[in-house]
Amino acid sequence: MAQIPRGTRDFIPEEMQKRRYLQQRMEATFRGYGYGEIQTPTFETLELFTAKSGASIIDELYNFTDKGGRELALRPELTAPVIRCYIERLQMAPKPLKVFYFGNCFRYDRPQKGRYREFWQAGCELIGTDTPEAHAELVALAYTILKNIGLQNIVLNIGNLHVINAMFEKLRITDAVKKDVLPFIDKSQYEDLFSALRANDISQQDAEAFLEILQTPDLDKIMAYVHGQAQAEAELARLRGILELLKTSFGIADPRVKIGIVRGLDYYKGLVFEIEAPVLGAEKQLCGGGDYELVSLFGGTPVPQAGFAIGCDRALLALETEQFTFPQPSLDVFIVPVTETTIPLALSVASQLRARGLTVDLDLLRRGIGKSLKYARRSMRVSL
Ligand code: HAM
């Protein structure tokens with residue numbers, strides 16, 4: 001018997017019920033923030049994903065050659081596809097352009113709980129503005145979506161790539177060393193990071209100070225560390241403004257600064273943020289996003305771009321772990337024809353009630369009343 005491919009899943013009705021609940025709540029919040037839905041193909045040209053990241057990304061993708069000899073890939077994410085579509089069809093649309101999407105993504109990851117080879121993202125892209133209020137609204141949207149689906153315990157971390165780059169410059173770290181140490185920063189492996197810095201001739205004192213700034217939520221300390229580096233100072237002042245808006249205008253009590261957020265994808269440049277659900281342990285990152293540059297790389301007219309994506313599978317796992325009570329579907333009416341001669345009448349009554357918008361089912365196995373009611377109660381969630 002053929003088996004389901006590794007890293008993929010089937011979803012039976014009970015599971016789909018939860019997934020649809022999630023999608024509906026998320027969609028309502030996206031729409032509430034003025035976003036319109038967009039859909040792009042499941043596969044794209046391979047080049048779309050290698051353009052920024054280079055050929056090394058191919059190891060992480062599902063790619064194939066089609067019968068016409070075209071190099072294609074199942075999408076690992078939706079930002080590059082949405083930007084491709086923007087350049088082809090939406091450059092003239094009024095700005096800012098706000099689009100959201102739901103879609104399955106494919107990554108050749110090592111499967112484990114919360115990490116799959118086919119998974120679903122809910123995300124959005126905001127094109128044409130990078131004011132602090134636009135970025136604050138974007139971060140607030142991500143946070144609000146996760147709250148609106150019912151999550152209790154989530155943590156929002158915000159960083160800025162210009163600042164971390166200024167920190168690297170201060171230590172005169174070369175690009176090659178930077179490439180080596182970034183994965184340690186990304187995974188918060190500070191002991192390994194410390195050893196790598198020391199191995200690259202960074203003094204103990206400098207390495208310790210670097211590590212402290214990576215982990216501190218104190219903007220003043222970070223500001224003092226990058227003092228004299230104009231762009232980093234300006235970005236930190238901007239970050240302070242965004243944090244203030246998140247607290248005062250959006251009511252988010254505890255956004256945390258984490259300068260050590262570096263994000264795995266190569267297209268980010270300034271603001272970056274992540275939202276995690278600590279209950280999930282290893283695969284706790286629910287959402288990632290920020291400010292990026294892909295439009296000019298793909299040949300479009302330069303314009304600010306930012307966005308985020310939420311992993312729907314992990315959001316669902318987090319809700320289940322928090323023991324969230326999902327709404328249950330229920331039938332309004334279950335009809336049991338008491339004799340065979342009443343079957344046509346039962347079918348016709350069911351049709352009439354359905355036409356009036358009720359959810360109706362009926363016994364199709366010619367079982368007696370007792371067995372039918374038992375079935376209705378157990379499998380159809382009717383309260384009898
Ligand atoms: P990402 O951080 O690669 O960002 O993915 C976003 C989310 O997708 C993650 O936080 C995680 O919840 C989920 N995810 C990623 N890989 C897997 C996997 N193998 N199994 C289950 N869930 C997974 C992006 O994809 C960017 N395109 C986000 C973005 C949009 N940035 C700007 N606009």
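Ligands are counted one by one from 1 in listed order, and the atoms in each one are counted from 1 as well.
Across the listed options G114, G311, A277, G288, G311 owns the non-hydrogen atom lying nearest to atom 13 (C) of ligand 1. Which of A309, G289, A318 comes nearest to atom 7 (C) of ligand 1 through a heavy atom is settled by distance: it is A309. Comparing heavy-atom distances from atom 1 (P) of ligand 1 across R263, Q112, E276 singles out R263 as nearest. Heavy-atom proximity to atom 32 (C) of ligand 1, evaluated over G123, G307, P76, is greatest for G307. With distances taken over non-hydrogen atoms, the option nearest atom 9 (C) of ligand 1 out of K113, R110, Q285 is Q285.
With respect to E320, the salt bridge (Lys or Arg N to Asp or Glu O under 4.0 Å) criterion is satisfied by exactly one of K113, R19, R314, K18: K18.
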Residue pair K221, E212: steps toward the salt bridge (Lys or Arg N to Asp or Glu O under 4.0 Å) verdict: CA-CA 9 Å; K221 271 192 186 165; E212 192 198 333; 3.2 Å; yes
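Of all protein heavy atoms, the one closest to atom 18 (C) of ligand 1 is F119 CD2, 3.5 Å. The nearest protein atom to atom 5 (O) of ligand 1, hydrogens excluded, is given as Q121 NE2, 3.2 Å; this is a heavy-atom distance. Y268 OH, 2.6 Å is the protein heavy atom nearest to atom 31 (N) of ligand 1. Regarding atom 24 (C) of ligand 1, its nearest protein heavy-atom neighbour is L265 CD1, 3.4 Å. The protein non-hydrogen atom at the shortest distance from atom 27 (N) of ligand 1 is E77 OE1, 2.5 Å. Of the protein's heavy atoms, T79 OG1, 2.9 Å lies nearest to atom 30 (C) of ligand 1. Y116 N, 3.0 Å is the protein heavy atom nearest to atom 20 (N) of ligand 1.
Checking side-chain atoms of N165 against main-chain N and O of L161 turns up a donor-acceptor pair under 3.5 Å. With D332 contributing its side chain and T359 its backbone, the two residues share a donor-acceptor pair below 3.5 Å. Side-chain N or O atoms of S372 include one that pairs as donor or acceptor with a backbone N or O of G368 at under 3.5 Å. Although no hydrogens or angles enter the test, the distance criterion places no donor-acceptor pair under 3.5 Å between the side chain of Y268 and the main chain of D266.
With a heavy-atom cut-off of 4.0 Å, Y292 touches ligand 1 through its side chain alone.
Among the atoms of D313, none of the N or O lies under 3.5 angstrom from an N or O of ligand 1. Residue R107 places at least one N or O, backbone or side chain, under 3.5 Å from an N or O of ligand 1. Looking at E125 next to ligand 1, an N or O pair under 3.5 Å apart turns up.
Taking a cutoff of 4.0 Å between a charged side-chain nitrogen and a carboxylate oxygen, D254 and K247 do not qualify as a salt bridge.
Atom CG in L236 sits 10.0 Å away from atom CG in D220 (nearest 0.5 Å).
No side-chain donor from either of N157 and E274 sits under 3.5 Å from a side-chain acceptor of the other. Defined by atom type and a distance below 3.5 Å, a donor-acceptor pair is present between the side-chain atoms of R75 and N104.
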Taking only distance into account, with no hydrogens and no angle test, what donor-acceptor pairs under 3.5 Å do side-chain atoms of residues 20-39 form with protein atoms, sequence neighbours excluded?
| residue | atom | partner | partner atom | Å |
| --- | --- | --- | --- | --- |
| R20 | NH1 | Q23 | OE1 | 2.9 |
| Y21 | OH | I149 | O | 2.8 |
| R25 | NH2 | N148 | O | 3.0 |
| E27 | OE2 | R31 | NE | 2.9 |
| E27 | OE2 | R31 | NH2 | 3.0 |
| T29 | OG1 | R25 | O | 3.1 |
| T29 | OG1 | N148 | ND2 | 3.1 |
| Y33 | OH | T144 | OG1 | 3.3 |

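Near L286, with a cut-off below 4.0 Å to any heavy atom, the atoms of ligand 1 are 10 (O), 12 (O). When each atom of ligand 1 is checked for a heavy atom of Y101 under 4.0 Å away, the hits are 30 (C). Listed by atom number, the atoms of ligand 1 under 4.0 Å from R115 heavy atoms are 19 (N), 20 (N).
Other cluster members for L245: none, since no ILVMFWY side-chain heavy atom sits under 4.5 Å from it.
Residue contacts with ligand 1: C287 is included, with a non-hydrogen atom under 4.0 Å away. By the 4.0 Å heavy-atom criterion, Y267 is counted among the residues contacting ligand 1.
Residue R70 qualifies as open at atom CZ: its count of foreign heavy atoms under 6.0 Å is 12 or below.
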